[in-house]
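Written out below as structure tokens is the structure these notes cover.
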Amino acid sequence: MLGKGLLQGLAVTAKNLVGSYHDPARYVTQEYPEVQPKLPEAYRNFPFLVSETADDPMGTLRCVACQICEKECPPQCIYIEKSKDKKPDATGKAQIYPAVFAIDTAVCMSCQICVEVCPFDAIKMDQEFAIAATDRFGGLLLNREQLAKPNAYYHQIHPTEAAEVDERLAAERRAAEEKARLAAAAKAAAPKPAVPAAAAAAAPGAARPAPAGSTAPAASAPVDPVPPPAPRPPSP
Amino acid sequence: MMLPDPAATGLARVRKIEGAALGLRTPAFAPEEGAGDLLEVSLGPHHPSTHGVFRMDVVLDGERIVRLKPVFGYLHRNHEKLGEGTSYLGSMPYTDRLDYLNSMTNNWAYALAVEKLAGIPVTERAEYVRVILAELSRLLNHTCLAGFLMQDCGCSGTPLMYAFREREKILDLFESLSGSRMMCNFQRFGGCRVDPSAEWLAATRTLVDGYGAFLDEFEALLSGNEIVMARTQGVGRLPAALAVNAGVTGPMLRASGVGHDLRKVDGYGVYPRFNFRVPIGRDGDVYDRYMVRMLEMRESISILDQALRGLPGGPILDPKAKQRGLRPKAGEAYGRIEGPKGEIGFFLVSDGTGNPTRYRVRAPSFVNLTILEDLCLGHSVADAVIILGSIDIVLGEVDR
Amino acid sequence: MILAAAAPASPADAWLERAPLLLRDALTGWLPDALRPWVAALLSIATILGVFGLLFAYMTLAERKILGRIQNRPGPNRTGPFGLLQPFADAIKALTKEDIVPRAADQVLHFLAPVVLVALSLIGLAVIPFGRNLVAVELEASVLYFFAAGAATELSIFMAGWASRNKYSLLAAMRALAQLISYEVPLLLSMVPVVVVAGSLSTTGIVAAQGGWAAGVWPHWHALTPWGFSAFGVFMVAALAESNRSPFDLPEAESELIAGHLTEYSGFKYALFFMAEYLGMAALSAMGVTLFLGGWQAPLAVLEFIPSYVWFGMKLLLLLLGFIWIRATFPRLRIDQLTRLSWKFLVPLALVNLVNGGLWAVTSDWTGAAGVARWVVSALLVVVPFVVLGRSLTAGYGPRTYRYASP
Amino acid sequence: MTLLLAILALVCLVPAVAAVLVRNLIHSALLFVLAWLGLAAFYLAVGAEFIAFAHALVYVGGVSMVVLFAVLLTRPGRESALPAPSAQRALGGLVAVSLVASMLGSSIFWTRLPSVEPTPPVPLRRLGELLAGPYLVALLLVGLILTVALIGGLLLAAPRRPSEGGDA
């Protein structure tokens with residue numbers, strides 16, 4: 001009979017009207033500035049550069065300016081200039097560092113491919129989303145000083161992932177030390193082929209694609225037989 | 001370089017058969033003698049119901065449409081050409097932006113094409129996860145479509161808000177898994193980027209279990225509503241023959257009574273292991289298109305239920321599969337899946353370098369949109385709006 | 001406000017019931033006799049403007065709030081406590097916005113349309129008895145006056161649409177005309193049996209005819225009789241269409257015609273259209289209350305201690321809530337379906353109802369078994385046409401069953 | 001009272017004359033609405049409440065819509081075409097003037113002027129009784145004529161059947 005469907009519809013809306021006062025499932029709006037969204041751990045927005053310490057972000061950047069991310073970035077929003085000199089990295093090895101590292105967040109599409117391809121765990125995705133600016137170039141083109149954030153911050157926003165990364169880096173470091181020790185012993189005894197690092201296989205993050213770049217990862221690079229000073233004094 | 005002779009290319013031919021294209025076009029409604037003046041209205045590119053920047057140049061006799069020309073390209077951004085200059089991995093996030101409601105299925109279709117091209121096997125667990133995500137996408141897409149369609153019919157936002165309420169839940173799942181709500185960039189060659197956790201699977205299970213109840217309520221609001229039926233039944237009929245000849249796919253084709261579903265036809269992924277049905281319509285009108293989607297969602301719920309139950313363990317991504325610096329042997333491959341809007345396919349030609357030499361997208365929205373004029377002729381402006389709504393287009397995919 | 005001839009019953013003498021009159025007397029008592037009726041008239045105009053102006057303001061808020069709640073969201077809640085100052089913020093915004101008139105527009109008509117519309121939506125309120133003693137103008141043919149005043153509202157919508165020189169607006173203008181021609185007829189036809197049964201064309205007379213209770217509990221409201229129920233339904237559907245509300249908001253039709261006749265209006269003129277829509281809706285609802293829901297009469301004798309104007313207000317708000325609820329639920333009809341609904345369903349229903357109302361008037365003295373027969377016959381005269389006409393109206397439409405492709 | 005009637009006469013006549021003179025058909029139709037409203041006010045002024053409201057309802061609410069609809073359907077929103085040739089205009093003017101003159105003359109010379117005391121208005125109830133009693137046949141006849149006109153109009157305006165109109 002005419003009107004049955006209409007009455008059914010009215011019943012549904014009435015149910016929602018009443019339900020919105022007592023049923024949280026029917027009243028789903030969050031009032032944003034007061035109620036901040038609960039971001040899931042996986043949430044990603046724009047990339048940032050991981051530095052080991054907060055005191056000296058520029059001195060402890062993990063980035064070695066290998067330029068893989070620059071090459072792989074689909075919208076090509078990353079610009080890197082290698083340094084002329086070398087600075088010791090977290091493991092104490094002298095490394096090239098980025099003299100210029102800039103990301104144009106107006107171009108970035110938050111795809112996180114830079115994170116996936118980075119062999120040094122130097123670039124990660126941030127969760128800061130309220131980044132409006134009135135100046136397109138001054139406000140949205142971020143340089144390395146603005147991009148650098150300490151590892152502690154990384155732990156804060158992606159705890160699980162950061163723990164995995166730290167574990168993996170520690171394993172790589174241990175493997176490197178082991179290799180360095182073996183190499184030192186071998187040099188003392190006789191020339192012997194270098195042992196390939198099993199660091200990546202030992203790493204727990206199986207989902208992470210194996211680094212297969214032209215630039216050698218830290219683990220397989222020959223490391224000076226210097227004990228790694230974890231907390232380093234700030235470099236000039 | 002010499003320009004090709006226009007007569008030798010398709011261009012001249014297309015112009016000639018305009019008006020009687022396909023030989024199946026509804027007889028053109030010539031304005032009657034003595035009928036009032038015709039009114040030419042440009043619906044769009046800024047119009048509440050064109051679902052983006054899309055224009056319909058309409059010639060009206062009163063409110064009846066005598067001519068309609070769809071004009072698109074306002075959102076063209078060189079997607080396919082960009083794909084030829086980008087590495088295989090680098091194109092993956094761009095596919096998110098085709099049909100931005102269904103990045104998961106776009107990713108899958110593209111991954112499938114690359115996997116075919118490079119011969120990369122996919123892990124068992126990833127196949128299941130892909131099915132789960134594709135069916136969630138289907139739920140999301142069809143729910144949103146129903147909401148948008150009803151908005152075009154003139155509802156004051158209520159069905160749309162209910163649709164978005166449920167969509168939020170699915171988007172939350174996508175976000176907690178992939179990190180982004182809509183631009184998931186989740187599939188990789190040989191599997192998926194992240195392994196879903198047990199909590200995620202439990203949350204999905206909750207959603208799937210509750211979705212049927214939502215659909216019941218949604219249908220109580222709309223499916224039996226006399227106004228909805230009066231507005232949508234008999235409007236925008238698409239005959240099965242025209243649908244097939246025009247290359248229409250997806251729910252739109254099935255609403256016209258053709259039971260063509262790539263999940264059954266190709267049996268890609270692990271779909272043959274699931275037990276589901278393919279609903280088909282009879283009249284091919286707007287109501288059938290709406291109802292076929294409603295019924296497809298019920299089937300999707302059943303597929304999700306089976307996939308969640310049968311999800312195997314193991315790695316989510318083939319550790320040997322190369323993502324970066326992929327250089328497939330020279331050759332070509334076409335990967336297609338049954339996306340929520342129809343057959344979404346990627347055609348790739350490799351010459352052995354790191355980029356494809358040809359990158360082509362078969363976008364269902366675009367192909368389905370080509371018959372808009374045939375559907376709209378003789379109907380009123382109000383009908384044209386809901387016919388367009390029932391085609392289910394996303395301009396990101398139409399214009400690429 | 002003219003003191004209606006009220007029976008000296010106790011509820012009519014209650015202090016609260018007489019409060020508006022006492023207030024008026026207190027305000028005008030010190031004036032010379034010659035001036036008093038004029039000031040009193042001005043006072044009633046000011047009261048109607050004030051009350052309905054506020055009603056308009058808070059109707060917009062209530063509509064947005066209720067729509068919000070129905071759609072699982074809070075609605076406006078930022079301006080003042082619970083968003084209560086929102087209407088005023090909106091008013092300030094509308095007043096301070098730039099008023100844009102297209103160069104090609106018909107300047108005079110473009111300006112006149114909103115003004116005429118608001119004026120026409122207001123003058124109908126003069127004859128509504130808002131309470132036992134509250135009616136601004138007492139006329140012998142006040143029902144006719146009301147509909148004559150309301151008849152021209154769509155004319156101004158046409159003016160707005162045509163004068164804008166916008167193609168969407170022009171389509172809206174055509175729709176408004178078609179809609180008006182179609183729905184004026186059932187609106188008037190549904191009112192006729194009430195006049196026949198009440199034996200009066202004056203609103204106060206019609207309300208007076210609905211006083212009292214059958215068996216002490218069943219009010220003599222027209223909507224509570226079979227013919228009256230049907231007439232009430234037809235009246236409210238036509239009222240929805242007359243006030244261009246969803247599902248009959250075709251002239252505005254935002255998903256098809258952008259904003260229809262309002263496309264080229266901005267600022268305060270736009271707000272005037274808005275105001276006219278709500279005032280028209282309130283006026284038609286007030287007429288519906290007067291004709292069918294017993295006007296200011298209380299539903300039960302024991303509830304008569306509540307002043308009559310409160311009862312009227314509650315009934316009015318109830319109907320307005322219905323308007324909002326319907327807007328939140330239904331999609332829009334198409335123009336041909338709209339006219340078909342009127343000519344093939346509402347008008348025949350109202351015509352049958354004319355006979356029905358006439359029978360009811362003739363058989364007013366039947367009691368006992370004959371009284372029951374009267375009810376049964378009247379009910380049949382409503383249900384049978386409804387089912388038959390409804391079936392023919394929905395012929396060709398209906399739920400479908402679907403097949404599944406064979407694997 | 002006379003002053004009021006004079007003002008009302010102006011309210012009626014000025015829009016009526018303007019309606020004839022303006023070029024824009026829509027304006028013309030809207031001016032007619034104004035003239036009809038003035039006429040309704042006339043009725044109101046002489047105490048014929050019912051007639052006044054019925055007049056407003058029928059003419060403003062109904063007839064004006066039909067006129068506008070007709071104008072829009074035949075000439076969608078366009079200014080009327082070329083001005084008529086002067087001979088035609090002169091002829092039209094002559095016809096109009098002679099019509100008005102004959103009407104005025106007949107009313108002045110052949111109608112008894114009303115008495116100074118206005119007749120009391122007929123009460124509404126009495127009007128209804130008159131219409132349903134002595135004048136019932138006339139009322140029904142008018143209704144019948146209107147119905148016939150309506151059906152005739154429908155038949156003329158209805159679109160041709162598909163069987164006649166070919167494959168439409």
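Numbered from 1 within each chain, the chains take letters A, B, ... in sequence-line order.
The candidate with the highest count of non-hydrogen atom pairs below 4.5 Å against chain A, out of Pro93(B), Gly191(B), Gly210(B), Gly224(B), is Pro93(B). Between chain B and the options Leu10(A), Ile113(A), Val28(A), heavy-atom pairs under 4.5 Å are most frequent for Ile113(A). In terms of heavy-atom pairs under 4.5 angstrom with chain B, the leader among Lys15(A), Met125(A), Arg26(A), Gln127(A) is Arg26(A). Your options are Cys184(B), Gly325(B), Gly179(B), and the one with the most heavy-atom pairs under 4.5 Å with chain A is Gly179(B). Interface remark: of the candidates Leu222(B), Thr86(B), Leu89(B), Thr158(B), Leu89(B) forms the most heavy-atom pairs closer than 4.5 Å to chain A.
Cys114(A) pairs in a side chain to side chain contact (heavy atoms under 4.5 Å, CB included) with only one of the listed residues (Ile68(A), Ile103(A), Ile78(A)), which is Ile78(A). When Arg188(B), Lys322(B), Arg130(B) are each tested for a salt bridge (Lys or Arg N to Asp or Glu O under 4.0 Å) with Glu115(B), only one passes: Arg130(B).
At least one cation-pi condition fails for Arg97(B) and Tyr100(B): the charged atom is not both under 6.0 angstrom from the six-membered ring centre and inside a 45 degree cone around its axis.
With no hydrogens or angles considered, no side-chain donor-acceptor pair links Arg193(B) and Gln187(B) at under 3.5 Å. For the residue pair Asp126(A) and Tyr153(A), a side-chain donor N or O sits within less than 3.5 Å of a side-chain acceptor on the partner. Defined by atom type and a distance below 3.5 Å, a donor-acceptor pair is missing between the side-chain atoms of Tyr32(A) and Gln30(A). A donor-acceptor contact under 3.5 angstrom links the side chains of Thr95(B) and Asn107(B), judged on distance only. If you check the side chains of Glu217(B) and Asn16(A), you find a donor sitting under 3.5 Å from an acceptor.
You'll find the ring centres of His79(B) and Tyr359(B) inside the 6.0 Å limit.
Of the two parts of Glu41(A), neither the backbone nor the side chain holds a non-hydrogen atom closer than 4.5 Å to a non-hydrogen atom of chain B. Of the two parts of Leu177(B), only the backbone, made up of N, CA, C and O, holds a non-hydrogen atom closer than 4.5 Å to a non-hydrogen atom of chain A. Contacts of Ser180(B) with chain A are made by both backbone and side-chain atoms, with heavy-atom separations under 4.5 Å. The parts of Pro74(A) that come within reach of chain B are both its backbone and its side chain, each placing non-hydrogen atoms under 4.5 angstrom from that chain. Using a 4.5 Å cut-off between heavy atoms, Thr13(A) contacts chain B through both its backbone and its side chain. Using a 4.5 Å cut-off between heavy atoms, Phe218(B) makes no contact with chain A at all. When heavy atoms are compared at a cutoff of 4.5 Å, Ala11(A) does not approach chain B at all. Interface remark: Ser176(B) contributes backbone and side-chain atoms alike to the contact with chain A (heavy atom separation under 4.5 Å).
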